[in-house]
Each structure stands twice: as structure tokens, then as C-alpha cells.
S.K.: 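Attaching a single structure in C-alpha cells format; questions to follow.
By convention in this document, chain letters (A, B, ...) are assigned in the order of the sequence lines, proteins followed by strands, and residues within each chain are numbered from 1.
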There are 2 protein chains.
Amino acid sequence: MGRKTLIDEEELISRLSNVFREVGYEGATLALLAEATGLKKASLYHRFPQGKEQMAREVLEKAGSWLEEHILAPLRAAGAPASRIDAMVKQLDAFYSGGRQACLLNMLSSARIHGGPFTEMIERVFEAWIGALSAVLLDAGLDRKTARSRAERTVMMLQGSLVFSRGMGTTRPFREFLKSLPAELRKI
Amino acid sequence: MGRKTLIDEEELISRLSNVFREVGYEGATLALLAEATGLKKASLYHRFPQGKEQMAREVLEKAGSWLEEHILAPLRAAGAPASRIDAMVKQLDAFYSGGRQACLLNMLSSARIHGGPFTEMIERVFEAWIGALSAVLLDAGLDRKTARSRAERTVMMLQGSLVFSRGMGTTRPFREFLKSLPAELRKI
DNA sequence: GTCTATAGGAAGATAGAC
DNA sequence: GTCTATCTTCCTATAGAC
């Protein structure tokens, strides 16, 4: 030992992600990130030569590809719109740990970096999410405008339920929102 | 000069508030806060002996009393529920600068302070807001459970629309949400 | 690949003059 | 009440041994 990888890539990114989701970009000190990963600061720099900004970028990229794989791909898959939406709900529940973990898109959007290196990626993720959700609702028979509007409202309600859950110190709002979502989207 | 107050209380809190709303608690450095207010760090400490934490606390208190005065009191006032809601929408639009400024309740809820000195106040503000909104919807003829649920959803959508607006770099989601709100609340 | 040690700077906070 | 100057602590980042 001493020369081997002590923590695998996936777990490393996941632990870093937890920190950024809890305290945001500025709140995530290298001391916190090191503690969460079990690595020393210098080891983190070996893996991420550009430091904290690179860590946040890779964490955000990972979240984007996770969303693509576990949420968007299933939304585009074959099957009834209703069952595709049920699948999304299940994955969202897991991704946000039943409402206990905040969304990176919210926690990183205030990072005051020169020009904002996360801005573009955050926009892309939001856009992809709403696009895929719109497509399902189109399949379900909604017209283009209504589908887009309802997709946007869904993403906003998800974000809002996470903010509200965190602020109130309970996961109930998030859980109730997820529970009501399939019926909401089926309306009209 | 030199011994006089160069900035009045209200304006001071307002400028500090803008910084916390933009970059959150950890992102709000004393350098930023000093720049925004036109005061030097030492002057800020003269006014806020407990430093940044006190600044954030007073800013949050001010936001709470602003909400009470401009949003909750009008919600409780005499008049048709619909017109009281219209009044709230107008005030919300001003308070969030048409969607350009984030909500303190979101931006301060991740402040990683020993035990979280803001937690309690954030909960209280959310609770008061939803209570007042529920009461209006009760007046409008909704049953207790539905009124409460719709009030919560309104607050969540507001938060979500602000998060989404910031993430997408446009105020459109916030503005559209506000515009649709009166009709939404009138349903059923 | 991980570590200890440390540089260099920015952060929060204070002292004391005016 | 505001300022300049300074202190201390924490933070980001690097050097170099193993």
C-alpha cells in the first residue's frame, strides 16, 4: 500500500459531490473535501491538478451523465408515458436521497468564479432535462406548448420542494411532491 | 464629517442583503460586503460587533419583517381573496426584482455554522408565509387540507422558479410563474 | 498514489488614531 | 462613526519524501 488507489473513482466523486451538495461551492473547503474522501489535501491535488474548481466541474459532469443515464434515457425509452414517468420518479427519489440531499444545480449556481465555469453546464443540464420530459408529455398527448410548460413546472417544483425541505428540516415536502407527480403529469 | 453616519440603516441592510442573496453566506466575504456598502471592514465591525454572522442574522430578520409587512399583512387584510393575492404577487415581483435576485431562505439555508443560527428563523418565515397564504385560500372557499397544500406548493414553486431562473440566466420562469399564480390559486 | 510539511495569500476580526 | 494598520486563523496550493 501507499502507492495504490485507496478509493475508486466513482466513490471519490460521490463523496465530493455530497460535500458540494451540502455546503455549496464556497462552503466546500479543501479540509472538508479531504475529510469526506479520506484523502489528504495533497492527494486531492494529485487527482485534480486544477484544485477545487476541477473537483466541482467533474462532480457536475458526473451528475449530468447520471441524469442522462438514469433519468433521461428511461424517459426516452419504449413503453407507456405513465410508466416512464414512474421510472423517473423512482430514480429521482434515489438521486436526492428521499429529499435529504440538495441539488447541485442549485448549490453551484452561485459560485462566484471568473465568468462562472459552471453556468454553461447548469444550463445544459436543465435544458436536457426539460427537453426529455417535454417529449414524454408530447407522447402522452399534450400539445407542444403545454408539454414544455408542464415540464418546466415539474423541474421547478422539484427544485422548490428540495429548497423547502431543506429549509424546514424535513423531507416531507419532497416526498409528497414526488408522490403527487405522476397524477399531476397525467392531467388533461 | 468622519464622525457621522454615512449610510442609513435601511440602505446598509439592503446592500448587505444583496450580497448574501447573490453569493450565499460563505461566498459573502467581508471584502465583498465592505465594497457593497462603501464602508471599510472595521466600520462594519463597529456596527456589527459579532461580524458576518450578525450581519446575516439582521439581514434575515429584516427580510422576515419585510415579508410580514408587505406580503403577510396584505394577505390578512380585508377585501376579496383574489385581490389580496394580486397584491401579494405585485410585492413578490418587487421583492425579487422580477426574478433577478435570489431568496435568502435558499441562500442562507446551507450556512454551515455551529448548529445553524439561521435554521430556526428560516423555518419560522416559511411557516408564517404558508400560514397566511393558507388563510386566504380558506377564505376563498377551499377546505383546510387543500388550502394548506396549495399554499405550500405556491411557496415551493416560487423557490423553484427562482432557482431555475438563476440557473438558466433568465427571469422568464419567475415572471411566468407570477403571472400564472392568481389563476392557479383561484382554481377549484 | 499518498503522505507530511510548508509556502503564500485571503479571510475574519481587532487596535487605536482621527 | 470611520478609517489605516495589523493580527491570527484558515484556505488554496505546492514541494518533496516514501
S.K.: Any carboxylate oxygen within less than 4.0 angstrom of a Lys/Arg side-chain nitrogen, looking at A:Arg76 and A:Glu68?
M.R.: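 Judged by the 4.0 Å cut-off on N to carboxylate O distance, A:Arg76 and A:Glu68 do form a salt bridge.
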S.K.: Do A:Lys90 and A:Asp93 make a side-chain contact, defined as non-hydrogen atoms from C-beta onward lying under 4.5 Å apart?
M.R.: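 A:Lys90 vs A:Asp93: side chains apart.
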S.K.: How long is the line joining CG of B:Leu44 and P of C:dT14, in whole Å?
M.R.: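 It is 13 Å, rounded to the nearest whole Å.
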S.K.: Does a salt bridge link A:Arg47 with A:Glu9, judged by any charged N lying under 4.0 Å from a carboxylate O?
M.R.: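 Salt bridge present between A:Arg47 and A:Glu9.
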S.K.: Would A:Arg15 and A:Glu22 pass as an ion pair if we require N to O under 4.0 Å?
M.R.: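 So A:Arg15 does not pair with A:Glu22 through a salt bridge.
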S.K.: Working to the nearest 0.5 Å, report the span between CG of B:Leu137 and CZ of B:Arg186.
M.R.: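 Result: 11.5 Å between the selected atoms.
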S.K.: What string of B, S and - do you get for nucleotides 7-14 of chain D, 5' to 3', when a contact is any protein heavy atom under 4.0 Å?
M.R.: ----SBBB
S.K.: Would you call the rings of A:Phe95 and A:Trp66 parallel, tilted or perpendicular if under 30° counts as parallel and over 60° as perpendicular?
M.R.: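 Ring orientation, 0 to 90° scale: parallel.
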S.K.: Hey, does the side chain of A:Ser43 come within less than 4.0 Å of C:dC3's phosphate (OP1/OP2), counting only N and O?
M.R.: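 Checking A:Ser43 against C:dC3: at least one side-chain N or O falls below 4.0 Å of OP1 or OP2.
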S.K.: Which whole-number value in Å describes the distance from B:Lys40 NZ to C:dC18 C1'?
M.R.: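 Answer to the nearest Å: 16 Å.
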S.K.: Any carboxylate oxygen within less than 4.0 angstrom of a Lys/Arg side-chain nitrogen, looking at B:Arg57 and B:Glu61?
M.R.: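 The answer is no: the pair does not qualify as a salt bridge.
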S.K.: Would B:Phe177 and B:Phe164 count as a close aromatic pair, with their ring centres under 6.0 Å?
M.R.: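 No, the ring centres sit 6.0 Å or more apart.
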S.K.: Separation of B:His46 atom NE2 from C:dG12 atom C1', in whole Å?
M.R.: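 For the pair B:His46 NE2 and C:dG12 C1', the rounded distance is 19 Å.
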S.K.: Going by number, which of residues 10-19 of chain A have a non-hydrogen atom under 4.0 Å from DNA chain C?
M.R.: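 Result for residues 10-19 of chain A: none.
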